[in-house]
Asker: 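Before anything else, here's the structure in question.
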Number of protein chains: 2
Amino acid sequence: MPATIRDVAKAAGVTIGTVSRALNNYADVNYHTRERIRRIAQELGYRPNQMARSLSSKHVKNIALILSGFLEDTMLNDFETMLMKGIYQFASEHGIDIAMYVINSKTQREKSYEQLCYEHNIAGAILFGLKTNDPYCAALSASHRPCVTIDTEVRSPCTSNVTLDDVAAFDELTQYLIDRGHRKIVLVHGRKNAMVSMERLAGAHQAFVRNGLTLTHDAIIYTNFLREEAAAGVDAYFRTHDPDSVTAFLCMSDMLAIGAMEAVKSMGCRVPADYSIVGYDGLEVTNYTDPKITTVDQNIKKKGYEAARLLYDMLHGIRPAQKLVLPHTLVERGSVQTLGSE
Amino acid sequence: MPATIRDVAKAAGVTIGTVSRALNNYADVNYHTRERIRRIAQELGYRPNQMARSLSSKHVKNIALILSGFLEDTMLNDFETMLMKGIYQFASEHGIDIAMYVINSKTQREKSYEQLCYEHNIAGAILFGLKTNDPYCAALSASHRPCVTIDTEVRSPCTSNVTLDDVAAFDELTQYLIDRGHRKIVLVHGRKNAMVSMERLAGAHQAFVRNGLTLTHDAIIYTNFLREEAAAGVDAYFRTHDPDSVTAFLCMSDMLAIGAMEAVKSMGCRVPADYSIVGYDGLEVTNYTDPKITTVDQNIKKKGYEAARLLYDMLHGIRPAQKLVLPHTLVERGSVQTLGSE
DNA sequence: GCGGCCTACGAAAACGTTTTCGGAGACCGG
DNA sequence: CCGGTCTCCGAAAACGTTTTCGTAGGCCGC
């Protein structure tokens with residue numbers, strides 16, 4: 001039903017080749033012809049069929065957002081949403097559309113990265129949720145296709161990473177607690193061999209050492225980034241430890257902080273009066289808890305936006321692959337108590 | 001680089017037509033040939049190029065998720081996320097991929113629904129976030145393309161709606177408050193001419209009348225579904241009304257409930273001891289507030305899943321367009337106080 | 001007046017599929 | 001032995017673009 005390039009050509013009395021060149025701003029088409037074609041295309045409501053376009057052209061191809069683990073509930077909630085908002089914000093500003101594909105570790109094994117890209121004529125992709133041992137990580141480094149990973153480090157000539165300085169940020173967060181008089185700090189840890197967990201652990205460790213503290217294995221609660229696990233972990237901690245053995249919970253994510261807070265409250269204790277809690281990520285939801293959680297804001301939306309912009313620039317050859325480290329912000333809210341000097 | 005149908009054909013010693021038919025389970029290809037082609041395709045890692053496929057075929061086309069207003073912050077948060085999870089859950093189970101397009105009222109004016117579909121060879125779509133006066137609503141009823149709207153009512157032979165019985169659900173929620181002794185109820189209202197607002201209002205009204213109560217204009221706080229507005233509204237209410245003039249806030253969405261709760265707390269009052277609050281939607285975030293909010297769970301994820309399934313069935317001709325009303329669940333949590341009989 | 005170089009456009013191949021049509025060969029009944 | 005009906009596959013058109021190549025015509029300089 002809608003007009004094809006042929007209809008435009010017929011109406012303008014030229015061939016389809018000319019229409020295509022005119023509309024794509026090729027140099028070798030007369031100014032008047034070009035304008036006439038433009039006008040007619042406009043009148044007919046002509047829109048090029050993207051399928052045909054990307055089939056034919058080696059040049060204009062699609063850009064994709066590939067989400068791994070979206071369906072699993074780990075790393076819950078508005079992280080991905082915010083990321084998407086940033087990405088689609090950029091897309092909308094630049095008149096491009098971005099297709100979204102949901103995968104997981106299993107489907108990665110079934111269909112290779114290159115196959116996925118080939119299937120959908122993907123010129124470049126933004127990938128989020130990749131674990132360091134996922135098949136696609138290796139595939140990425142072998143690929144010549146521009147792509148941007150978020151929060152996963154992949155070194156290769158065509159791969160950019162956007163991330164933040166997790167070590168420094170978590171160091172800063174830890175220091176924040178220490179500055180407020182906390183010495184007895186329990187770390188609520190994320191998935192054990194996740195990149196982000198290790199970096200954050202390093203940050204905490206760094207801050208501990210600098211302040212002459214030691215992070216004992218005893219004071220670490222391991223989780224898989226799940227709220228329930230944090231709650232259960234804190235609960236278990238108190239069953240095996242003196243209530244006075246801790247004054248603050250240093251959580252590797254906001255969801256863990258929420259879980260920890262739940263557990264503390266369910267014991268009849270108050271936050272931050274009895275125990276302080278800090279989170280990490282800057283999820284929206286930390287504004288809705290009571291008290292609001294002091295956390296490190298990753299500025300997730302900006303992260304998405306910058307990832308999209310970076311990929312866009314790479315595809316247009318105006319920016320090389322690079323590691324982009326975004327700034328973070330420690331946002332003070334109400335979940336930390338300053339301890340008097342005893 | 002990846003194998004095309006031609007490579008498979010060459011390796012199998014047949015023509016591309018045969019390969020295509022074999023792989024698409026056409027009847028007129030010999031069993032052994034089919035198996036041989038299957039095996040070779042497998043070995044070569046052949047995957048059909050979706051662009052070419054949907055360009056050529058009138059049959060196998062794409063299915064899209066079209067989100068309107070995703071970038072605007074109204075109707076915040078995990079509503080869309082949950083919807084997506086449901087939709088992509090279905091997609092993943094059925095081996096289809098669903099492309100996502102983000103639009104708004106403005107882009108709807110710039111590019112018609114048909115054009116959008118044509119551009120991307122969209123056979124059917126799931127639409128969410130449409131306002132009743134959006135251009136695409138009219139376009140949908142004129143279209144012959146199967147589609148499913150979520151929470152927007154569009155009557156046409158090819159359009160299904162998945163929704164819930166908003167009137168009944170809100171009635172039930174209102175009744176819940178009344179059953180617990182609340183008579184002085186303030187309604188925190190959503191966007192004025194939104195379909196959902198009107199339905200929920202009807203539900204509230206219905207319950208009021210049935211119980212011999214009246215809903216006075218004075219006891220309604222209008223918002224645009226924004227948390228801040230709810231907070232400001234409640235704040236303003238208390239500046240102009242007696243604190244005893246209300247015992248419960250009946251909110252048209254969870255976000256509004258969160259806003260209302262904020263305002264109540266910032267006045268130094270407690271929930272639910274001093275004021276009860278109920279929300280609506282069943283957002284995840286209502287589990288993280290303190291107290292957890294009693295609300296009507298829309299089962300958003302299921303909503304997405306069912307919408308995808310419905311569209312899928314329509315596209316395959318095994319289910320007609322219909323209005324699908326999903327069940328809701330009132331979930332009791334901690335934000336409502338039962339008032340003693342005075 | 002002729003070879004050369006522009007400019008502007010047409011012709012046609014190519015992208016990778018699906019699908020229609022036709023027919024070669026096998027088989028069978030009479 | 002012949003006409004008919006299957007089964008299976010090849011040939012080729014079609015989908016709507018982009019892009020390469022070729023060339024007609026104009027203009028210039030000599």
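All figures in this text were calculated on a predicted structure; none of them were measured in a lab.
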Asker: Quick one: A/R6 CZ to C/dG10 P, roughly how many Å, whole number?
Answerer: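 Between P of C/dG10 and CZ of A/R6: 14 Å.
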Asker: Would you say the base of C/dT20 and the side-chain of B/R21 have a donor-acceptor pair closer than 3.5 Å?
Answerer: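 Such a pair is found, so the answer is yes.
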Asker: Nearest whole angstrom, please: distance from the C1' of C/dG16 to the CG of B/N24.
Answerer: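 That distance rounds to 13 Å.
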Asker: Between A/F79 and A/F128, does the ring centre distance come in under 6.0 Å?
Answerer: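 Yes, the ring centres sit under 6.0 Å apart.
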Asker: Any donor-acceptor pair under 3.5 Å linking the side-chain atoms of A/S156 with those of A/T159?
Answerer: yes
Asker: Would A/E93 and A/Q89 count as having a side-chain donor-acceptor pair, cut-off 3.5 Å?
Answerer: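 There is such a pair between these side chains.
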Asker: Looking only at side-chain atoms of A/Y118, point me to the closest of D/dG10, D/dT17, C/dG16.
Answerer: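 Of D/dG10, D/dT17, C/dG16, C/dG16 is nearest to the side chain of A/Y118.
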Asker: For DNA chain D, whose closest nucleotide is more 5', that of B/A52 or that of B/V14?
Answerer: B/V14
Asker: So A/Y305 and A/F90, would you call those rings parallel, tilted or perpendicular, with 30° and 60° as cut-offs?
Answerer: perpendicular
Asker: So, A/R36 and A/T33: side-chain donor and acceptor under 3.5 Å apart, yes or no?
Answerer: no
Asker: Hey, does B/Y46 reach any base, or is it just sugar-phosphate, or nothing, if we go heavy atoms under 4.0 Å?
Answerer: sugar-phosphate
Asker: Rounded to whole angstrom units, what separation is found between the CD1 atom of B/I37 and the P atom of D/dC8?
Answerer: 13 Å
Asker: Would you mind classifying the nucleic acid contact of B/R47 as base, sugar-phosphate or nothing, using non-hydrogen atoms under 4.0 angstrom?
Answerer: sugar-phosphate
Asker: Quick one: do A/K106 and A/E110 make a salt bridge, cutoff under 4.0 Å?
Answerer: yes
Asker: Is B/T15 close enough to D/dG10 that one of its side-chain N or O atoms is under 4.0 Å from OP1 or OP2 there?
Answerer: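 For D/dG10, OP1 or OP2 has a side-chain N or O of B/T15 closer than 4.0 Å.
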Asker: I'd like a table of atom pairs between the protein and nucleotides 5-7 of chain C - only N or O on both sides, under 3.5 Å - with the distance next to each one.
Answerer:
none

Asker: How many whole angstroms separate atom CG of B/D7 from atom P of C/dT17?
Answerer: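 Nearest whole value for this atom pair: 9 Å.
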Asker: How long is the line joining CG of A/N121 and P of D/dC15, in whole Å?
Answerer: 20 Å
Asker: Starting at CG of B/L324, measure out to CZ of B/R319 and round the result to the nearest 0.5 Å.
Answerer: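 Answer rounded to 0.5 Å: 6.5 Å.
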Asker: Just report the end-to-end axis angle for the helix from C/dG1-D/dC30 to C/dG30-D/dC1, five pairs per end, to 10 degrees.
Answerer: 60°
Asker: Looking at every strand, decide which applies to B/S20 at a 4.0 Å heavy-atom threshold: base, sugar-phosphate, or nothing.
Answerer: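 Counting heavy atoms under 4.0 Å across all strands, the contact made by B/S20 includes a base.
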Asker: Nearest-Å distance, CG (A/N62) to C1' (D/dT17)?
Answerer: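 Result: 13 Å.
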Asker: In this structure, how many angstroms lie between the C1' atom of D/dC15 and the CE atom of A/M51, rounded?
Answerer: 12 Å
Asker: Is the phosphate of C/dA14 approached by A/S56 (side-chain N or O, under 4.0 Å from OP1 or OP2)?
Answerer: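 Checking A/S56 against C/dA14: no side-chain N or O falls below 4.0 Å of OP1 or OP2.
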Asker: Start at the 5' end of DNA chain C and walk down; is the nucleotide closest to A/I16 or to A/T33 reached first?
Answerer: A/T33
Asker: Could you check if a side-chain atom of A/M84 sits within less than 4.5 angstrom of a side-chain atom of B/E80, using non-hydrogen atoms only?
Answerer: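 Side-chain contact under 4.5 Å: no.
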Asker: Do any side-chain nitrogens or oxygens of A/T18 fall under 4.0 Å of OP1 or OP2 in C/dC9?
Answerer: no
Asker: Write down the distance between CZ (B/R53) and P (D/dG16), rounded to a whole number of angstrom.
Answerer: 18 Å
Asker: Is the backbone of A/G69 close enough, under 3.5 Å, to the side chain of A/N104 for a donor and an acceptor to pair up by distance?
Answerer: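 No; judged by distance alone, with no hydrogens or angles, the pair does not exist.
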Asker: Rounded to the nearest 0.5 Å, what's the gap from CZ on B/R155 to CD on B/E153? Could you check?
Answerer: 5.5 Å
